[in-house]
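Data first, discussion second: the structure below is written as structure tokens.
Note: hydrogens, waters and symmetry copies are ignored here, and every other heavy atom, side chains too, is used. Given the structure is predicted, the values throughout are model-derived calculations rather than measurements.
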Amino acid sequence: MDAVRLLKVSQHALAQNRDVLDIVAEAWQAQALAQAIGGHLATTGPPELRGEARGLSEAGSRGCAVLDHPGLRQGGVRASQLSEVTDAASALTSLGVLLGDVAMALVSVACATDDEGLYWQCMEAIDAADESSDRVRGMLRRLALRDGERSAEALRKSATGPP
């Protein structure tokens, strides 16, 4: 399944869940997607993204490790369904939005809980989502820079005319 489609499914699932454990499970799912998308782009994505994509994959892995409740609560690990990243910019933009929403949901859980363990788990997961978001923003900047350079080159070629 394409990354953008998986991210939409995750966004919808996060928005529908009100139960604390389901929210934590969706946070885990989002980090698993960050890990999978990063890994996919590290091996098959544009060369200028590969280093940062490895970093995203590692950050997603750390994000999964800090959460106690694996994403198996509702039908397994969504990230295992990832088969392609058709449009890296769209996938990264959607992932960035999802990670922001996850962080906000985890803040709500942390503020509402009396369980100190869950509180600290949420704090660590918020940090991990922030780190993943930083990687996503870095990759989007690289894509924008690449696209700007390509546009400038195309303009230079069209201005000079045929050889």
Mind checking whether Leu118 and Gln121 have side chains closer than 4.5 Å, heavy atoms only? yes
Nearest-0.5 Å distance that lies between atom CZ in Arg141 and atom CZ in Arg137: 7.5 Å
side-chain contact (heavy atoms from CB on, under 4.5 Å) between Gln35 and Cys64, intermediate numbers included: CA-CA 9 Å; Gln35 180 182 12; Cys64 288; 4.3 Å; yes
Side-chain (Thr93) to main-chain (Ala89) donor-acceptor, under 3.5 angstrom: yes
Verdict with supporting geometry, Val9 and His12, side-chain contact (heavy atoms from CB on, under 4.5 Å): CA-CA 5 Å; Val9 169; His12 179 74; 5.9 Å; no
Mind checking what makes side-chain contact (heavy atoms from CB on, under 4.5 Å) contact with Thr86, not counting sequence neighbours? Asp2, Glu84
Distance-only donor-acceptor check, side chains Ser10 and Glu26, under 3.5 Å: no
Taking only distance into account, with no hydrogens and no angle test, what donor-acceptor pairs under 3.5 Å do side-chain atoms of residues 95-114 form with protein atoms, sequence neighbours excluded?
residue : atom : partner : partner atom : Å
Asp101  : OD2  : Gln11   : NE2          : 2.1
Ser108  : OG   : Met104  : O            : 3.4
Thr113  : OG1  : Asp115  : N            : 3.0

Calculate, to the nearest 0.5 Å, the distance between atoms CG and CG belonging to Asp134 and Asp130 respectively. 5.0 Å
Under the side-chain contact (heavy atoms from CB on, under 4.5 Å) rule, what do Val85 and Val4 come out as? Steps first, then yes or no, please. CA-CA 7 Å; Val85 179; Val4 173; over 6 Å; no
Taking every non-hydrogen atom, the tightest pair across Ala79 and Gln29: N-OE1, 4.4 Å
Nearest-0.5 Å distance, CZ of residue Arg78 to CH2 of residue Trp28: 10.0 Å
Can you tell me how far apart OG (Ser132) and CZ (Arg62) are? Round to the nearest 0.5 Å. 8.0 Å
Indicate every side-chain donor-acceptor pair of residues 36-48 with a distance under 3.5 Å to a residue at least two apart or in another chain.
residue : atom : partner : partner atom : Å
His40   : NE2  : Thr44   : OG1          : 3.3
Thr43   : OG1  : Gly39   : O            : 3.3
Thr43   : OG1  : His40   : O            : 3.1
Thr44   : OG1  : His40   : O            : 2.8
Glu48   : OE2  : Arg146  : NE           : 3.2
Glu48   : OE2  : Arg146  : NH1          : 3.0

Can Leu145 be reached from Met139 by stepping across I, L, V, M, F, W or Y side chains whose heavy atoms are under 4.5 Å apart? no
Arg5, CZ: over 12 other non-hydrogen atoms inside 6.0 angstrom: no
Taking the side chain from Asn17 and the backbone from Asp19, do they hold a donor-acceptor pair closer than 3.5 Å? no
Looking only at non-hydrogen atoms, find the nearest pair between Ala88 and Leu49 and report the distance. CB-CD1, 4.4 Å
Rounded to the nearest 0.5 Å, what separation is found between the CG atom of Leu56 and the CG atom of Leu92? 7.5 Å
Evaluate whether atom CZ of Arg142 has more than 12 neighbouring non-hydrogen atoms of other residues, nucleotides or ligands under 6.0 angstrom away. no
Can you list the steps and then say if Leu6 with Gln81 is a side-chain contact (heavy atoms from CB on, under 4.5 Å)? CA-CA 8 Å; Leu6 277 173; Gln81 299 173 24; 3.8 Å; yes
